[in-house]
Amino acid sequence: MVMVADFTVERVREIALDTYEMKVKNEEVINQVKPGQFLHIQVPNFTLRRPISIADVEEDGIITIIFKALGEGTTELSTYKQGDHLQAIAPCGNGFSIENKKDDTIVLVGGGVGVPPLHYLGKLLKRQNNKVITIIGFQTKESVFYEEEFRAFSDETIVVTDDGSYGEKGFVTDILKQIKDYDTYYSCGPFPMLKAVTQLVSGKEGFISLEERMGCGVGACFACVIPTNEENGYKKICQDGPVFPAQEVVLP
Amino acid sequence: MVMVADFTVERVREIALDTYEMKVKNEEVINQVKPGQFLHIQVPNFTLRRPISIADVEEDGIITIIFKALGEGTTELSTYKQGDHLQAIAPCGNGFSIENKKDDTIVLVGGGVGVPPLHYLGKLLKRQNNKVITIIGFQTKESVFYEEEFRAFSDETIVVTDDGSYGEKGFVTDILKQIKDYDTYYSCGPFPMLKAVTQLVSGKEGFISLEERMGCGVGACFACVIPTNEENGYKKICQDGPVFPAQEVVLP
Amino acid sequence: MNLAVDLPGLKLKNPIMPASGCFGFGREYSQFYDLGKLGAIMMKAATGDTRYGNPTPRVAETASGMLNAIGLQNPGVDEIIRTEVPFLEQYDTQLIANISGSTVDEYEYVAKTFNQAQGVSALELNISCPNVKEGGVQFGTNPEMAAEVTRRVKAASNLPVYVKLSPNVSDIVSMATAVEAAGADGLTMINTLVGMRLDLNTRRPIIANKTGGLSGAAIKPVAIRMIYEVKPHVSIPIIGMGGINDSEDVLEFLLAGASAVAVGTANFQNPLICPQIIDSLPETLTRYGFTSVEDAIGKGHE
Amino acid sequence: MNLAVDLPGLKLKNPIMPASGCFGFGREYSQFYDLGKLGAIMMKAATGDTRYGNPTPRVAETASGMLNAIGLQNPGVDEIIRTEVPFLEQYDTQLIANISGSTVDEYEYVAKTFNQAQGVSALELNISCPNVKEGGVQFGTNPEMAAEVTRRVKAASNLPVYVKLSPNVSDIVSMATAVEAAGADGLTMINTLVGMRLDLNTRRPIIANKTGGLSGAAIKPVAIRMIYEVKPHVSIPIIGMGGINDSEDVLEFLLAGASAVAVGTANFQNPLICPQIIDSLPETLTRYGFTSVEDAIGKGHE
Ligand SMILES: Cc1cc2nc3c(=O)[nH]c(=O)nc-3n(C[C@H](O)[C@H](O)[C@H](O)COP(=O)(O)OP(=O)(O)OC[C@H]3O[C@@H](n4cnc5c(N)ncnc54)[C@H](O)[C@@H]3O)c2cc1C
Ligand SMILES: Cc1cc2nc3c(=O)[nH]c(=O)nc-3n(C[C@H](O)[C@H](O)[C@H](O)COP(=O)(O)OP(=O)(O)OC[C@H]3O[C@@H](n4cnc5c(N)ncnc54)[C@H](O)[C@@H]3O)c2cc1C
Ligand SMILES: Cc1cc2nc3c(=O)[nH]c(=O)nc-3n(C[C@H](O)[C@H](O)[C@H](O)COP(=O)(O)O)c2cc1C
Ligand SMILES: Cc1cc2nc3c(=O)[nH]c(=O)nc-3n(C[C@H](O)[C@H](O)[C@H](O)COP(=O)(O)O)c2cc1C
Ligand code: FES
Ligand code: FES
């Protein structure tokens with residue numbers, strides 16, 4: 001059940017260029033969390049909340065988020081210290097449904113700030129005995145994060161950078177192209193990346209996680225809709241998503 | 001010379017009901033300060049600055065201010081801690097001119113948050129060998145502050161409270177009425193009090209310090225004017241004041 | 001303390017209701033608290049047919065406010081009556097249907113349809129939506145057009161009609177008096193101010209629709225001014241809105257002349273805002289010397 | 001980087017100037033920095049005679065903004081020319097005189113007087129002051145009246161005339177095109193939105209004049225929207241203002257269509273704001289891919 005929850009900040013550290021890992025604690029929330037869900041975080045003095053994916057959940061009530069300090073709100077968030085309080089609507093959205101996903105071969109395809117939700121997802125998929133291949137893309141060497149964390153559970157982990165300054169040079173799709181033998185892919189990243197991915201592997205079962213500017217974060221304001229294939233059809237990313245079967249929605 | 005100055009907070013303590021004494025440090029500013037001048041303090045996330053009188057100046061660059069946490073800005077200010085930084089335009093206004101004030105008998109008449117500027121004024125007047133009689137009024141017992149500090153330099157200190165819960169019961173004018181033998185009075189407090197004071201002792205030389213809602217705090221915006229006795233005449237409280245000869249301005 | 005207010009068609013147990021478009025049809029917020037706490041609920045705009053609305057992005061943040069250009073997305077009046085109204089009827093509160101359209105005929109149709117159905121206590125006539133025009137003239141900024149659509153909707157329905165005024169006008173009083181003369185039972189004000197933000201990276205407006213409606217604390221002074229200006233010129237009640245964030249804001253609206261208030265954008269910041277305001281209102285009224293909500297209405301004019 | 005902009009009568013070395021009424025006649029801010037840094041200075045409104053203005057309080061704070069009702073207090077055009085203009089002429093910058101009046105004749109007189117004097121490079125015609133009416137019609141919200149006063153002032157003076165538009169209108173484009181047709185050499189926009197705040201303790205408006213003009217970051221989205229809307233309809237340049245606080249805001253105004261900008265309320269928060277913005281502007285322009293100020297003007301429309 002989604003709730004308005006108070007979190008205590010346990011740790012904040014910069015893990016890549018302008019990219020912060022923050023661990024926050026609230027014991028009530030974690031029992032509910034599915035991978036792919038997000039926190040809708042209140043930053044004091046800002047009108048709108050910031051949606052940030054859940055990147056990990058630990059048994060002791062700790063949720064990890066990873067965010068890039070881009071604009072004013074996330075920059076403010078990056079200054080939080082241990083012991084500070086954070087208010088968030090949590091957990092938001094539907095998340096990835098993986099109950100029946102066992103003994104399969106999975107490809108995770110993440111780009112930039114789309115990488116975090118795949119971490120918790122991959123961890124759980126591995127626990128359910130799937131083979132996990134991770135492809136994560138970043139702009140440049142300084143932006144790379146969580147490579148080790150993904151390696152810890154992935155059977156294979158490929159890092160790509162746009163400029164080739166670290167790992168493979170190119171886009172995640174360049175790597176995905178070469179992988180033939182898998183059952184399902186899960187992808188999260190900017191719209192252009194998702195579009196490239198879904199077009200490349202349109203025959204495969206795939207789930208994508210979308211981003212859009214949000215108001216309420218709970219499905220009430222219609223800010224975050226995405227058209228579906230039906231006429232006048234739409235889904236709300238904050239509530240019906242952010243995860244959708246790749247073929248269900250029409251990417252802009 | 002007025003400047004935009006950065007202050008370091010040295011200490012904040014609650015000295016009466018919702019009333020805070022704050023000591024802030026900036027070595028450049030203090031050399032310039034005259035009693036009656038004020039700091040025009042920036043509180044982050046508020047559009048307008050808060051004008052607060054200088055209540056004391058110590059040799060080591062420390063300025064004392066005393067303020068009541070009334071609205072949002074002063075409440076925010078009251079949460080400042082040692083080591084925090086404060087930006088203020090300082091010192092603002094003309095202040096009390098006391099160069100020639102020697103060997104006289106002086107009455108200080110202060111009410112509520114009008115009391116602070118009289119403290120530094122009285123200290124200097126005493127140093128110049130004047131006899132200082134202090135009358136300070138507060139709403140009630142819990143609001144009384146700085147009695148000891150005034151006693152330290154005053155020849156006589158009378159505290160009055162509106163409800164008689166501490167000191168004498170009544171208004172500062174009730175006490176002032178009884179004091180006949182003095183040369184000059186200095187008064188600061190709410191308009192109704194200043195009006196009562198100046199009417200009561202209209203024959204005496206007096207200086208009053210005024211308050212008004214301010215914009216710029218430096219004389220540019222015309223927010224804080226007070227009419228003078230000439231036609232269309234006016235003075236700017238932030239720049240020409242806040243201190244005026246009692247007969248110069250027309251109180252509302 | 002007595003928080004009740006009696007308005008045409010609306011016996012409000014308290015003067016707090018979520019504003020239209022900021023609360024959907026209540027389902028989502030019913031996860032956070034019992035909607036029966038609310039004085040009323042203003043539903044999301046209803047049009048004749050299903051509307052998809054504008055492309056995204058539809059919202060942007062501004063200093064103490066936000067822009068939105070949802071574009072009246074809604075499932076259409078029939079579907080709303082079939083699925084949303086029955087859900088909301090479970091709760092001990094009152095329903096206000098916000099009606100919109102592209103033509104006067106569409107407004108009329110929506111009004112008629114709500115009139116025939118059960119469960120709705122009043123209509124809120126949204127003439128202030130910038131993309132609703134006839135003959136190029138916006139209903140919301142032209143007194144004659146506003147009066148015309150008010151008259152037609154009044155004739156089509158037995159429900160009391162509250163006309164929602166746009167702040168994007170030179171003369172708010174003439175808008176208010178025009179719709180009062182046309183039969184409006186009440187006013188709701190204000191809708192959003194038209195605004196825009198540009199994205200410095202893309203060099204384009206952030207909102208796909210380019211312009212959006214500015215709401216939130218930033219517009220509160222404009223709302224208070226307009227209500228204060230209109231109040232002496234009308235005898236119908238005003239439901240006030242625009243930047244309400246706490247019970248002090250509510251009192252400011254009551255003093256200005258509102259008889260009840262709606263909370264919009266603040267729901268996004270804090271989903272619990274409405275019940276929290278309702279809980280703190282008695283103490284706020286007491287602190288400032290009022291003994292009831294009725295007692296405070298219009299007291300800023302004395 | 002080249003920050004220069006050429007506008008009618010104004011060769012600006014950079015596009016930053018303090019807005020009228022927020023900088024007096026510069027004396028006070030000359031204590032903080034060399035006014036020669038500024039692209040130009042918009043002086044406080046000048047009227048025919050000395051004006052005392054409104055009673056106090058004249059300002060109130062709002063969320064991300066403020067209200068003011070100064071009431072055009074100024075020493076009168078003759079005194080301004082005698083004492084203020086010579087002081088400002090010392091600095092290597094350009095002076096824009098903001099002119100106001102209660103009647104068209106008064107506007108004409110003020111314009112004529114500045115024309116005969118030295119030192120002023122352009123006039124800013126303040127038709128957006130809410131207490132200036134003739135025959136009950138506000139100049140600032142009526143296109144015909146606005147055009148009329150523009151024509152008269154143009155005829156009375158050889159100086160280029162920038163007409164300052166009020167945002168309190170239903171249709172900003174028709175105001176802009178009306179004054180352009182009447183001979184305006186440029187537009188400045190926007191003036192303040194009319195707003196109000198009530199004091200819960202006294203139950204009265206905080207501002208003695210009751211209503212005041214809302215300025216500051218809160219109104220920036222309205223300013224950007226209006227400039228963006230007007231730009232394609234006029235061929236005269238726009239000086240933009242309304243809530244500018246940093247060099248990113250300046251760029252947003254340039255993209256929307258402003259050729260230069262004025263900074264008002266932000267001077268009160270930070271007396272050094274203008275020079276700080278001037279210093280940071282080149283880096284901001286570079287970061288977003290522009291090589292000069294001219295390069296960015298209107299680029300939000302492509
Ligand atoms: C479901 C979901 C999950 C996300 N997960 C992550 C994550 O794990 N890590 C991460 O770094 N980022 C994530 N994002 C993107 C993140 O929400 C934005 O980067 C962030 O809101 C920008 O805020 P700001 O203060 O930096 O920018 P500002 O420009 O100050 O933001 C202004 C407004 O625009 C919104 N906004 C700006 N950019 C975006 C964007 N790309 N997507 C959505 N809203 C935006 C903000 O939320 C805010 O309302 C996610 C977005 C969504 C929708
Ligand atoms: C020259 C001068 C010296 C002052 N010295 C002191 C002092 O030493 N100690 C002290 O406690 N107070 C002093 N005041 C009053 C103090 O400035 C206000 O109490 C304070 O600004 C209120 O801010 P707020 O955040 O509490 O209230 P808010 O209501 O949030 O303030 C909103 C706006 O109104 C202004 N405002 C509200 N009340 C007043 C007021 N009474 N006078 C001026 N502006 C006001 C604020 O500055 C702000 O711009 C002085 C005022 C002036 C003009
Ligand atoms: C996201 C959003 C959607 C809105 N949709 C509607 C609507 O459908 N109909 C309507 O009359 N007003 C709509 N409004 C306007 C609000 O009801 C309200 O009048 C306005 O936002 C001012 O109140 P606030 O500042 O409390 O948000 C909407 C506002 C927002 C922010
Ligand atoms: C205190 C104050 C006084 C003003 N006086 C004038 C004036 O005399 N003439 C004028 O044209 N505009 C006047 N304005 C409006 C500003 O010039 C400017 O258009 C407006 O404040 C928006 O810009 P800002 O948000 O940067 O302040 C005044 C604004 C303020 C805040
Ligand atoms: S953000 Fe409000 S519906 Fe998704
Ligand atoms: S506050 Fe601006 S002139 Fe005094």
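Lettering follows sequence order; numbering is per chain, from 1.
Environment of CZ in F25(C): crowded, with over 12 heavy atoms of neighbouring residues, nucleotides or ligands closer than 6.0 Å.
Distance check, rounded to the nearest 0.5 Å: CG of L39(A) to CG of L86(A) gives 8.0 Å.
The residue among G53(C), G65(C), A69(C), G26(C) with the most heavy atom pairs within less than 4.5 Å of chain A is G65(C). Counting heavy-atom pairs closer than 4.5 Å to chain C, the top-ranked of the candidates G71(A), P227(A), P252(A), G217(A) is P227(A). Ranked by heavy-atom pairs shorter than 4.5 Å toward chain C, the options I226(A), I89(A), V2(A), V225(A) are led by V225(A). Per-residue counts of heavy-atom pairs under 4.5 Å with chain A were compared for I70(C), L272(C), I206(C); the largest is that of I70(C).
The heavy-atom pair separating A122(C) from V120(C) by the smallest distance is O-CG1, 3.3 Å. Between F207(A) and P245(A), the shortest heavy-atom contact is CD2-CA, 3.8 Å.
Counting heavy atoms from C-beta outward, I227(C) and I190(C) have side chains that stay 4.5 Å or more apart. A heavy-atom distance below 4.5 Å is not found between the side chains of I65(A) and F38(A).
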Output all donor-acceptor pairs under 3.5 Å across chain C and chain A; consider backbone as well as side chains.
residue : atom : partner : partner atom : Å
G24(C)  : N    : A220(A) : O            : 3.2
E28(C)  : OE2  : Q239(A) : NE2          : 3.4
T56(C)  : OG1  : E212(A) : OE1          : 3.1
R58(C)  : NH1  : F222(A) : O            : 2.7
E61(C)  : OE1  : R50(A)  : NH1          : 3.1
E61(C)  : OE1  : R50(A)  : NH2          : 2.7
E61(C)  : OE2  : T47(A)  : N            : 3.2
E61(C)  : OE2  : L48(A)  : N            : 2.8
E61(C)  : OE2  : R50(A)  : NH1          : 2.8
G65(C)  : N    : T47(A)  : OG1          : 3.0
G65(C)  : O    : T47(A)  : OG1          : 3.0
F268(C) : O    : R49(A)  : NE           : 3.1
Q269(C) : O    : Q42(A)  : NE2          : 2.9
Q269(C) : O    : R49(A)  : NE           : 3.0
Q269(C) : O    : R49(A)  : NH2          : 2.5
Q269(C) : NE2  : F46(A)  : O            : 3.3

task = Give the C-alpha distance, both sets of side-chain angles, the deciding distance and a yes or no for side-chain contact (heavy atoms from CB on, under 4.5 Å) between Y162(C) and M42(C).
result = CA-CA 11 Å; Y162(C) 291 76; M42(C) 290 171 147; over 6 Å; no
request  = Under the side-chain contact (heavy atoms from CB on, under 4.5 Å) rule, what do V172(A) and M193(A) come out as? Steps first, then yes or no, please.
outcome  = CA-CA 8 Å; V172(A) 288; M193(A) 184 198 100; 3.7 Å; yes
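Formation of a donor-acceptor pair under 3.5 Å by the T93(C) side chain with backbone atoms of L38(C) is found in this model.
For chain A, the nearby part of F23(C) is the backbone; its heavy atoms alone come within less than 4.5 Å. Only the side chain of M1(A) comes within less than 4.5 Å of a heavy atom in chain C; its backbone stays farther off.
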